[in-house]
Amino acid sequence: MQLLTDRFSNEKQCDGRGYCGGTFQGIINKLDYIQQLGANAIWVSPVVENTEGGFHGYWAKNIYKINPHFGTGRDLKHLISECHKRDIWVMVDVVANHMGYPSGCCWDVRCNQTQYNNFSGFTPFNEKQYYHNYCQITNWTNKLEVENCRLADLPDLNQTNDYVQQTLLSWIKNLTGFYNIDGIRIDTVPLMPKDFWKKFGEASGVFQIGEVSNQNTEYIAGYQGPLTSVLHYSMYYALQNVFQKKMSFKNIQRVIKEDQLAFKDASVLGGFLDNHDTHRFLNMSKDLSLLQNALAYTLMAKWIPIIYYYGTEQGFHGGGDPWNRESLWPYYNTSHPLYKLLVITTNIGKNGSMAVTLSNLPYKNAVLKNVLDNEMVECFEGKLSVPIKNGLPQTYSIQEKQTSGSYRMFTDGIQILIYLGVFHFLNV
């Protein structure tokens, strides 16, 4: 379960851009809520001290201090210890590409070159020699520019500088070891060279999953090897095409085939429907049944499902930043239909497999063809039995059986997703 520490548990009203008061202790207070969902791991936002306004954690000021808005180092240790008592792993988000904004500057406040190059407020990277020369990323297909220029004016660290590199490697080793962290999610991975990531991943000593925001499967796969895993952005876009734009399930089939060729181990990829950088699913479509189907696929597919970005289980529908970073309080409704769906689905996922028998289908003499592996199952007098396996959601196109024994599409564009004894029709 992905959550933003500042937005997960408190009682303060939130204005979107500033701190709202969520803390490590607040997460501890809601571990029952997390555990009842079936989550066996949480991904928390970066924990280091940030520059002004960095409630999300991505604007580091001092990498050696814990963000005082979230609590103390002791509080973080306590959170991780309490999670481990419940067999919940903790993955911490980390940033090695950049620091926060220099004093007086921000994403919406333009500064002059002197201000942009004022690094005196940062620890430990407080000198110009630790950064790339000022330039902005304007061409995301230019590797040299992407790895050496600034993202949104954020000071870009030079990882080829020996002091910078060794300091970052020592920092991540100490952070994961001292706090007993189980894994790290790494921000903006393509903005740094792959050889650095290999060293960084090894230094961390834990599972790593990197953010490589791109639709090209082969491009994303290039970062598995230097790192343990990556977030599966190409499948994210395929799921958007299927469940938002109602395109063919063959979009999913295509990416699965690409995975088999491109990745060293597709089973450890991170699968997701939305996160803090995207519009929420329900912002793009208000159809709750489509979200339910998409969640079921995400959970049961053969990867590591990051099935809920906090608030999904309560039907949150925020748009772009910061409206997709709402405060969860006071919406801890364990009777919400999405919360209840996720409780059921995660429990089935842990059990591995089950047999599902459906009755009273509107097809008396038809077959269902699995769009992912082409396996066909027959429906007799409106009754159908199919296996539901963890790692193999059942997604079918519906075909009519002819007297000759051949098959044709029953109705153009009708597809059916079956899970947990429920069937849903998708007009795609």
Side-chain angles (χ1 to χ4, degrees), residues 4-7 15-24 44-76 92-137 146-175 178-179 184-188 191-192 196 200 211 276-277 321-322 325:
L4 297 183
T5 300
D6 182 64
R7 303 298 166 89
D15 64 5
R17 290 287 184 193
Y19 280 95
C20 294
T23 63
F24 299 133
V44 299
S45 45
V47 299
V48 302
E49 182 182 24
N50 267 226
T51 56
E52 185 176 354
F55 70 89
H56 40 66
Y58 297 99
W59 300 345
K61 178 180 181 180
N62 184 340
I63 66 173
Y64 297 131
K65 287 185 65 177
I66 297 300
N67 192 328
H69 290 276
F70 302 159
T72 65
R74 180 176 294 181
D75 294 331
L76 177 58
V92 172
D93 211 325
V94 297
V95 183
N97 175 66
H98 56 263
M99 298 295 282
Y101 287 105
S103 178
C105 304
C106 198
W107 65 274
D108 59 347
V109 178
R110 296 293 301 173
C111 290
N112 58 43
Q113 287 295 309
T114 300
Q115 291 173 299
Y116 277 132
N117 290 318
N118 176 16
F119 308 116
S120 60
F122 299 130
T123 302
F125 306 118
N126 59 355
E127 297 180 17
K128 186 177 180 179
Q129 62 179 308
Y130 302 140
Y131 298 86
H132 291 120
N133 291 331
Y134 182 89
C135 57
Q136 284 280 9
I137 300 174
V146 168
E147 291 184 355
N148 291 277
C149 295
R150 294 192 181 195
L151 169 69
D153 278 323
L154 291 162
D156 197 69
L157 288 167
N158 181 2
Q159 292 80 17
T160 63
N161 177 285
D162 186 63
Y163 174 78
V164 173
Q165 182 171 134
Q166 293 306 315
T167 299
L168 288 172
L169 298 184
S170 176
W171 167 72
I172 194 61
K173 179 180 180 180
N174 292 334
L175 181 74
F178 184 76
Y179 290 104
I184 54 174
R185 180 267 187 188
I186 306 174
D187 191 56
T188 56
L191 277 62
M192 287 148 285
F196 169 76
F200 191 84
E211 177 199 27
H276 63 290
D277 288 326
D321 175 14
R325 302 175 180 185

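The model shown is predicted, which means the values in this text are computed figures rather than measured ones.
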Enumerate donor-acceptor pairs with a distance under 3.5 Å from any side-chain N or O in residues 57-64 to protein atoms, sequence neighbours excluded.
residue, atom, partner, partner atom, Å
Y58, OH, D93, OD2, 2.6
Y58, OH, H276, NE2, 3.0
N62, OD1, Y64, N, 2.9

message: What I'd like to find out is whether the side chain of R17 reaches to under 4.5 Å of the side chain of D321, using heavy atoms alone.
response: yes

query: So among Y163, W171, Y130, which one has a side-chain contact (heavy atoms from CB on, under 4.5 Å) with P124?
result: Y163

- prompt: Is the distance between the ring centroids of F119 and Y131 less than 6.0 Å?
  reply: yes

field: Note, D6 side chain near H56 side chain (heavy atom, < 4.5 Å)
entry: no

- prompt: Which heavy atom of F70 sits nearest a heavy atom of G22, and at what distance?
  reply: CD2-O, 3.7 Å

message: Quick one, F196 and Q165 - any side-chain contact, counting heavy atoms below 4.5 Å?
response: yes

From F200 atom CZ to I186 atom CD1, the distance as rounded to the nearest 0.5 Å: 5.5 Å

query: Do V109 and Y101 pass the side chain to side chain contact (heavy atoms under 4.5 Å, CB included) test, and can you show the C-alpha distance, the side-chain angles, and the key distance before you say yes or no?
result: CA-CA 10 Å; V109 178; Y101 287 105; over 6 Å; no

query: Which atom pair, heavy atoms only, marks the closest approach of Q159 to L157?
result: OE1-O, 3.1 Å

- prompt: Crowded around Q115 CD? As in, over 12 foreign heavy atoms under 6.0 Å?
  reply: yes

- prompt: Quick one: CD1 on I172 to CD1 on I184, what's the gap to the nearest 0.5 Å?
  reply: 4.0 Å

From CG (N118) to CD (Q113), nearest 0.5 Å: 12.5 Å

query: Under the side chain to side chain contact (heavy atoms under 4.5 Å, CB included) criterion, do T167 and F125 qualify, and how do the steps go?
result: CA-CA 9 Å; T167 299; F125 306 118; 3.7 Å; yes

statement: Between N158 and the options T160, D156, N161, the side-chain hydrogen bond (donor to acceptor under 3.5 Å, both in side chains) test singles out T160

Non-hydrogen side-chain atoms of I137 and L191 separated by less than 4.5 Å: yes

- prompt: With a 4.5 Å limit on heavy-atom distance, are the side chains of N50 and V48 in contact?
  reply: yes

Which atom of M192 lies closest to which atom of D187, heavy atoms considered: CE-O, 4.0 Å

message: Could you walk me through whether T123 and K65 satisfy the side chain to side chain contact (heavy atoms under 4.5 Å, CB included) test, starting with their C-alpha distance in whole Å, then the side-chain angles of each, then the deciding distance to 0.1 Å, before giving a yes or no?
response: CA-CA 9 Å; T123 302; K65 287 185 65 177; over 6 Å; no

message: Using side-chain heavy atoms (C-beta onward) and a distance below 4.5 Å, is C149 in contact with H132?
response: no

- line: In short, C111 meets G104 closest at the heavy-atom pair SG-O, 3.6 Å

message: Can you confirm whether Y116 sits close enough to R150 that some side-chain heavy atom of one is under 4.5 Å from a side-chain heavy atom of the other?
response: yes

message: Is any side-chain heavy atom of Y134 closer than 4.5 Å to one of D153?
response: yes

- prompt: For N174, does the CG atom sit with more than 12 other heavy atoms under 6.0 Å from it, leaving out its own atoms?
  reply: yes

query: Are N67 and Y19 close enough, and set up right, to give a side chain to side chain contact (heavy atoms under 4.5 Å, CB included), and what steps lead you there?
result: CA-CA 11 Å; N67 192 328; Y19 280 95; 3.1 Å; yes

query: If you measure from CZ on R7 to OG on S45, what distance do you get to the nearest 0.5 Å?
result: 10.0 Å

Separation of C105 SG from L154 CG (nearest 0.5 Å): 10.5 Å

- prompt: Between atom CD1 of I66 and atom CG of L76, what is the distance when rounded to the nearest 0.5 Å?
  reply: 5.0 Å

